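From a predicted model like this one, the values you see are computed outputs, not experimental measurements.
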Protein chains: 2
Amino acid sequence: MLIRDLPDCLVCLCRQAVEAGRFLDLTREVREGLIRQTLAHLAGRSWDVSPPEIAAETQEFMRRLSGNDDPYRAIKQASTEAALALWPRWEAKALSHPDPLAWALRLSAAGNLIDCGPTGSLDLAAIRQRMDFALRQPFGVVDLEPLRDLLAKAGRLLLLADNAGELVADRLLLEVIERARPGLPITVMVRGGPVLNDAIREDAVASGLPARWSIADSGARIPGFPPAAVSPGAREAFRQADVVIAKGQGNWETLGAVPHAGLFFLLTAKCPAVAAGLDVETGAAVLRLAGPGTGGRTADTGAAESEDPARRTGPSRALSDDPARSAEGPRPVVSKGGESTVEGSASRMSSPAIPSTGEDG
Amino acid sequence: MLIRDLPDCLVCLCRQAVEAGRFLDLTREVREGLIRQTLAHLAGRSWDVSPPEIAAETQEFMRRLSGNDDPYRAIKQASTEAALALWPRWEAKALSHPDPLAWALRLSAAGNLIDCGPTGSLDLAAIRQRMDFALRQPFGVVDLEPLRDLLAKAGRLLLLADNAGELVADRLLLEVIERARPGLPITVMVRGGPVLNDAIREDAVASGLPARWSIADSGARIPGFPPAAVSPGAREAFRQADVVIAKGQGNWETLGAVPHAGLFFLLTAKCPAVAAGLDVETGAAVLRLAGPGTGGRTADTGAAESEDPARRTGPSRALSDDPARSAEGPRPVVSKGGESTVEGSASRMSSPAIPSTGEDG
């Protein structure tokens with residue numbers, strides 16, 4: 001997804017700058033400088049870039065003008081503590097659920113609601129309520145059987161983490177997977193440095209990940225995983241993993257069109273632009289196997305902005321409109337000019353929704 | 001209200017530019033140019049100006065780049081037609097209501113929901129639903145008795161119109177007032193030229209205003225009434241009216257601190273920034289006599305952004321926290337440097353809410 005196809009993202013980037021001033025308790029002058037610098041940057045910069053990459057740049061203004069290298073640190077710590085307090089309840093649910101993987105996936109998608117990116121603040125009580133509500137909703141798109149199949153034979157599993165706090169829910173998902181596949185090498189990849197409330201190494205440690213798992217970082221201070229910007233080691237870890245679970249919008253926005261036979265996006269579609277790109281309603285949870293139709297870099301047709309109602313698919317849409325699709329697996333991708341991309345005309349895909357758990361988290 | 005005190009308004013101004021491209025079906029290049037020009041303008045311009053004045057400037061980019069001098073014309077016509085279709089129902093309600101003035105004021109405030117400023121589009125069915133819902137809610141602030149008192153002895157009434165469509169509901173309000181004060185000279189003032197979906201002369205004519213009322217225009221192509229920018233004739237009409245009913249956020253944003261003993265703001269507080277300035281919840285209807293505490297140009301303390309919970313007053317708050325206030329009438333204002341202003345320390349005011357009508361529109 002590029003800004004030029006999704007200029008709505010510019011509005012959110014402006015909002016981040018406006019709200020950061022309040023959030024960081026900046027003086028009027030510093031706040032005004034931050035907003036002006038952000039507006040001018042967005043006005044003059046090429047938009048041939050993904051939203052997370054441009055957010056990384058505007059977050060840099062915030063750090064520089066506030067003199068605070070990790071403005072979201074306290075929020076991240078509070079998120080992790082709040083999530084850890086819910087851990088015993090989550091673990092008990094997972095152990096007693098008839099399909100622990102399905103439940104843990106849903107929890108991890110709901111954990112994606114622990115995010116202050118769009119609003120600059122974090123109301124933990126509200127988030128707990130929203131997670132409880134989310135856990136009672138079915139997935140909008142759920143490629144659960146492909147994930148089961150690939151996990152059953154995987155040699156390496158990589159989780160691309162998103163936000164602090166959310167990572168505690170991801171930890172439960174990984175523990176559930178590990179219970180079915182003891183000894184499976186697991187790597188959790190965090191961001192290369194503080195950016196928004198995304199998890200970094202210290203957040204991963206605070207989340208209580210077992211020492212037997214590897215913690216790696218992307219080498220990039222970007223709230224996503226743009227292959228060209230992350231470190232060679234991170235790129236290699238991505239390439240070598242048989243199954244990659246990429247959490248959150250930022251990872252989808254930067255990896256939506258990158259070829260990988262075992263790449264799954266697991267997120268809650270929190271904004272209309274991302275929801276449209278994923279063919280779900282805003283607010284829907286998604287577990288989607290990557291491939292044509294999963295979004296990513298769109299062609300000049302501007303398909304991601306299409307108003308065609310057939311492109312809008314609600315959580316209740318249970319079957320693919322292209323039945324051959326799910327049998328085929330991911331389609332071949334086309335590489336253009338050295339950059340990975342997929343064909344622009346999205347063949348939309350969805351799978352039967354798993355039933356709601358019918359219970360809260 | 002100045003942009004420097006309410007930078008949140010910048011986010012909405014960016015959104016207007018982003019959504020206008022879709023709304024006007026601009027090519028990608030023109031749309032991108034419009035957004036870039038708006039962002040650069042907001043980044044570089046002084047923020048010592050009200051939101052409607054800066055919106056007037058960015059709307060000018062839209063007109064120039066699209067080559068369309070009145071991009072909202074079809075929407076305005078559709079709004080007026082939709083409102084006229086509801087006229088017989090509204091008129092019957094007003095005639096049968098025990099307090100026609102209270103009901104017509106509520107209708108006029110609900111009519112303020114006919115607005116595409118924030119979203120760039122207009123869903124008439126949704127607006128009708130929202131108006132029906134709004135009519136069942138009480139006012140957040142209602143200075144109904146002061147209005148009755150001043151209307152009873154008024155020699156001239158001025159309505160500062162806001163949006164097309166909404167003006168049909170305002171017409172019913174004026175007819176109800178006229179029934180109690182036959183022969184009262186009434187002037188309806190529209191904008192000096194097309195800007196957003198604000199009513200201009202042709203919209204006033206289409207609304208079916210009786211020929212005995214005067215239609216004037218502000219002489220300014222601005223979605224508000226900044227005294228320094230409107231024509232001398234418009235300023236004079238404002239000064240000479242004993243009662244002014246100023247509809248909508250734009251008029252409040254530009255007149256909130258202008259002294260006038262009979263100035264009432266009648267609107268729905270559609271955005272959090274305006275709601276905070278008026279001490280009501282977002283979405284609340286307001287009929288408020290102007291004076292200290294009604295918002296307007298804030299002092300450097302940034303009071304309009306205060307997080308003090310005591311400043312947030314919900315629709316259920318029925319009594320003033322300054323009981324002397326309502327008995328006193330408007331406080332004297334202070335004129336600084338030739339520009340009308342009021343003292344910055346807002347004494348908050350509200351009056352008993354009129355009961356909900358308990359019925360739809």
| request: Give a yes or no answer on whether the side chain of Arg31(B) reaches the backbone of Pro7(A) with a donor-acceptor pair at less than 3.5 Å. | output: no
| Which one of Thr38(B), Ile35(B), Leu42(B) has the most heavy-atom pairs closer than 4.5 Å to chain A? | Ile35(B)
| Which atom of Arg36(A) lies closest to which atom of Arg45(B), heavy atoms considered | NH1-O, 2.7 Å
| query | Any sub-3.5 Å donor-acceptor pair from Arg15(A)'s side-chain atoms to Val11(B)'s backbone N or O? | reply | no
| Are the side chains of Cys14(B) and Leu39(A) in touch, meaning some heavy atoms are under 4.5 Å apart? | yes
| query | Are more than 12 heavy atoms from other residues, nucleotides or ligands located less than 6.0 Å from atom CD of Glu60(A)? | reply | yes
| In Å and rounded to the nearest 0.5 Å, what is the CZ to CD distance from Arg4(A) to Glu32(B)? | 8.5 Å
| Residue list, side-chain hydrogen bond (donor to acceptor under 3.5 Å, both in side chains) with Asp69(B), at least two apart or on another chain | Arg221(B)
| query | By a 4.5 Å heavy-atom criterion (distance strictly below it), what part of Leu10(B) contacts chain A: side chain, backbone, both, or neither? | reply | side chain
